[in-house]
Amino acid sequence: MISLLISNGFFLSHRAMPPKPLPRKTPFFISLKVRCFRTSESNPVPDFPPPSSVLLPRSRSIKRVSRLLRTELQRALMDYLHFTRGYTFSDAEYISKNSPRFVESLVPMIDDKDDVPRSLRKFFRYNPINEFEPFLESLGIGLSELHLFLPHGMIFLADDHVLLHNFHVLCNYGVPRNRMGRFYKEAKEIFGYAGGLLESKLQGYENLGLSRSTVVKLVVCCPLLLVGDVNYELVAVLEWMKRIGIESDLMVNYLSCSRTYSWKRMLSTLQFLHKVGYSEERIHNLFRGNPKLFLEGIGKKVYLFFGRLVKIGVEINVIYSYFVEYPNILSYKCAKNMLKVIGFLCAIGMGKDDISHIFSKHVHLLSTCSLKGHKTVCQELKVGKADLYQIIKDDPLKLISFSSKQQQKSDGKVDSHDPRNYLEKRTFLLKLGYTENSEEMARALRMFRGRGDQLQERFDCLVEAGLDYNSVIEMIKRAPMILSQNKTVIKRKIDFLKNVLDYPLECLVGFPTYFCHDLDKIVERLSMYAWLKGRNAINPTLTLSTIVASNDKRFEKYFVNVHPQGPAVWKGLKRSSKKDKN
């Protein structure tokens, strides 16, 4: 049916247009002719005397501002910044619309509520405000960080144009304005750089072969990269990535701006894997399968687990083989579980040889289980430690069925499913960030269909299509049904979205349930929408979710019956779809 629709011109002539991206705003131009207040001698921040300008009240009892009044306040502030202070129009507009706390503080300054613009123009004319306060607030600097910039309402000295210049450099380079608060909190030194130093540091990372967009995401995730010389650990990690065949841009794609990363820990992880016997190809495959392990690094629990195995007498080469054969035990949670297993077995009196034997046979399964204490298990089974020791020695898998904290059936019996498949699925969910033994984990286990390796394959299909790794995780958590579909269906729906509808993949992040709708239904509805657009009978900028997710009754009301010929066209599309199925 898709080929028929294309030949009829539904998508070639009237392609559904994705939402237009917002125009790129002009980088901040900070005029150095701003009104400043200078003391008799220059003192470093924050040792400023109280300013002489008007300080706006910061009372927490400000009443809720109506939408109309807020709009008038924003317009007045924008006019002041643009016409009086010399900000570009786009910058003045951005500041006025993204500094709500400051805008609300202007309410007490209104002496004529019937003419708010005139009242504020009069106020601004005779009472110059501290314009840096809304400027910094608009950059995303929170109230606590804002007080670090403006203690007791201080005003910047003229000599502090360096700080403003560095703000300008970061904005012009591509750093999002709402991330500036993090820069000041984690690496405030960079705002004191002079003489083009900040520009040279950014260029230094580009000289490593990184694209500008990659550098932006790196410094947003790790502002400390701009402090001191080029980070040695980062350079070493990038060299390792090159050795194992991972592009730098791909690695950075997995980073999340909401987290902080340690390049030293990443480097230690790579070196550890190399030492225990991983080939470069195996490291490459491990990274693609579990990038979170590399980005967060191997924790101390892994090294403690390594040490405990050595202490109980397991040979070094055997331990290395565990890590190579079962890479999941490299994660913090699995290593923590393994330490509990060792403690449990030692507590019931099991010898080193028996512990080593159990690990050699069942290390993969044991690493995914969080165990109860040995005393609790003995009480539940009404046996002593010696009897429990003998039970586990005869059948080590009883350690999982008797001791795991995972919720069992209500009658207390162990589930009859294959524990290996079940535990593989749990391992996959742990990699996505689910908390072990939580209600969220239990609900996900019921909703996800398929083996662990199948779920991983479907997940990889979404990432390989071009979606951000962290975005895919959020999509899966919002719509777990995505991974219940086989890989072929997922690929078909992605191909239809990109190559037929010409929609950007990013629209799926806000509408993950797209994958849960039948492809024939999507084709029919988008075809109808394209037909209506060609006749100017409908809004041409509707989102994908509005078109696809509406129920049948609503769709017919707003997408079929809006045109006299609509019902006939809709019946023709439905008929054509049925023919394709037959």
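Small disclaimer: the values here were computed from a predicted structure and weren't measured.
Residue Lys477 qualifies as enclosed at atom NZ: its count of foreign heavy atoms under 6.0 Å is above 12. Summarising the local packing, CZ of Arg75 is surrounded by 12 or fewer heavy atoms from other residues, nucleotides or ligands at distances under 6.0 Å. Atom NZ of Lys571 has 12 or fewer neighbouring heavy atoms from other residues, nucleotides or ligands inside a 6.0 Å radius. Within 6.0 Å of atom NZ in Lys122, 12 or fewer heavy atoms from other residues, nucleotides or ligands are found, so the atom counts as exposed in its surroundings. Glu206 CD: more than 12 foreign heavy atoms inside a 6.0 Å radius.
Contact annotation: the side chain of Met241 never approaches that of Met266 to less than 4.5 Å [non-hydrogen atoms, C-beta and beyond]. Within the 4.5 Å cutoff, side-chain heavy atoms of His284 are placed close to those of Ile246. Side-chain atoms of Tyr193 and Val169, non-hydrogen and from C-beta on, never get closer than 4.5 Å to each other. Side-chain contact between Leu467 and Ile494: absent, with no pair of heavy atoms (C-beta onward) separated by less than 4.5 Å. Within the 4.5 Å cutoff, the side chain of Leu69 has heavy atoms near those of the Ile110 side chain. Between Phe559 and Trp570 the shortest side-chain heavy-atom distance does not fall below 4.5 Å. For the pair Val227/Glu186, no side-chain contact is recorded, criterion being any heavy-atom separation below 4.5 Å from C-beta on. Considering only heavy atoms from C-beta on, Ser105 comes within 4.5 Å of Phe102 through its side chain.
Between the side chain of Arg458 and the backbone N or O of Gln485 there is at least one donor-acceptor pair closer than 3.5 Å. Listed for the Ser576 side chain is no donor-acceptor partner under 3.5 Å among the backbone atoms of Gly572. Using a distance-only test at 3.5 Å, with no hydrogens or angles considered, no donor-acceptor pair links the side chain of Tyr205 to the main chain of Val219. Between the side chain of Lys487 and the backbone N or O of Glu457, no donor-acceptor pair lies under 3.5 Å. Counting only distance, with no hydrogens or angles, the side chain of Ser200 and the backbone of Leu197 share a donor-acceptor pair below 3.5 Å. Side-chain N or O atoms of Asn98 include none that pairs as donor or acceptor with a backbone N or O of Ser138 at under 3.5 Å.
When all heavy atoms of Leu77 and Ser96 are compared, the pair lying nearest together is CD2-CA, 4.0 Å. The two atoms that bring Ala537 and Val562 nearest to each other are O-CG2, 4.1 Å, heavy atoms only. Across all their heavy atoms, Leu295 and Tyr261 have their closest contact at O-CD2, 3.3 Å. Of all heavy-atom pairs spanning Tyr529 and Ile538, the tightest one is CE1-CG2, 3.7 Å. When every heavy atom of Leu225 is checked against every heavy atom of Leu218, the shortest pair comes out as CD1-O, 3.8 Å. Residues Lys533 and Pro540 share a closest heavy-atom pair of CD-CA, 3.5 Å.
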Gln203 vs Asn207, side chain to side chain donor-acceptor pair (under 3.5 Å): CA-CA, chis, key distance, verdict:
CA-CA 6 Å; Gln203 185 61 46; Asn207 294 340; 3.1 Å; yes
Should Leu106 and Phe124 be marked as a side-chain contact (heavy atoms from CB on, under 4.5 Å) after you check the CA-CA gap, both sets of side-chain angles, and the distance that decides it?
CA-CA 10 Å; Leu106 294 173; Phe124 289 144; 4.1 Å; yes
For Met251 and Val237, run side-chain contact (heavy atoms from CB on, under 4.5 Å): C-alpha distance rounded to whole Å, both residues' side-chain angles, the deciding distance at 0.1 Å, then the answer.
CA-CA 10 Å; Met251 182 200 74; Val237 168; 4.0 Å; yes
Run the numbers on Phe287 and Leu293 for side-chain contact (heavy atoms from CB on, under 4.5 Å), then give the verdict.
CA-CA 8 Å; Phe287 179 88; Leu293 173 66; over 6 Å; no
Checking Leu286 against Phe294 for the side-chain contact (heavy atoms from CB on, under 4.5 Å) test, could you report, in this order, the C-alpha distance in whole Å, the side-chain angles of both residues, the deciding distance, and whether it holds?
CA-CA 9 Å; Leu286 182 60; Phe294 287 83; 3.8 Å; yes
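Remark: Trp263 pairs with no residue by the ring pair (Phe, Tyr, Trp, His ring centres under 6.0 Å) rule, at least two apart or across chains. Residues meeting the side chain to side chain donor-acceptor pair (under 3.5 Å) test with Thr260, sequence neighbours left out: Arg182. The side chain to side chain contact (heavy atoms under 4.5 Å, CB included) test applied to His82 returns Phe89, Ala92, not counting sequence neighbours.
With rounding to the nearest 0.5 angstrom, the CE atom of Met528 is 11.5 Å from the CD atom of Glu524. Remark: Phe123 CZ to Asp111 CG distance equals 10.0 Å, nearest 0.5 Å. Interatomic distance, OG of Ser471 versus CG of Leu462, reported as 11.0 Å (0.5 Å rounding). Here the CG atom belonging to Leu224 is positioned 9.0 Å from the CD1 atom belonging to Ile190, to the nearest 0.5 angstrom. Atom-to-atom distance recorded for Arg259:CZ and Cys222:SG is 11.5 Å, nearest 0.5 angstrom. Between the CD1 atom in Ile522 and the CG atom in Leu544 there is a gap of 7.5 Å [rounded to 0.5 Å].
A ring pair (Phe, Tyr, Trp, His ring centres under 6.0 Å) check over residues 450-485, counting only residues at least two apart or in different chains, returns the pairs Tyr254-Tyr469, Phe459-Tyr469. Listed by first then second residue, pairs satisfying side chain to side chain donor-acceptor pair (under 3.5 Å) with a partner in residues 545-556 read Arg525-Asp552, Thr543-Ser545, Thr543-Thr546, not counting sequence neighbours.
By the 30° and 60° cut-offs, the orientation of the rings of Trp531 relative to His563 is perpendicular.
Looking only at atom types and distance, the side chain of Glu474 has no donor-acceptor partner in the side chain of Asn470 under 3.5 Å away.
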Give every donor-acceptor pair under 3.5 Å between a side-chain atom in residues 505-515 and any protein atom, sequence neighbours left out.
{"residue": "Tyr514", "atom": "OH", "partner": "Lys493", "partner atom": "O", "Å": "2.8"}

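Comment: Glu93 engages Lys97 in a salt bridge, judged by a side-chain N to carboxylate O separation of less than 4.0 angstrom.
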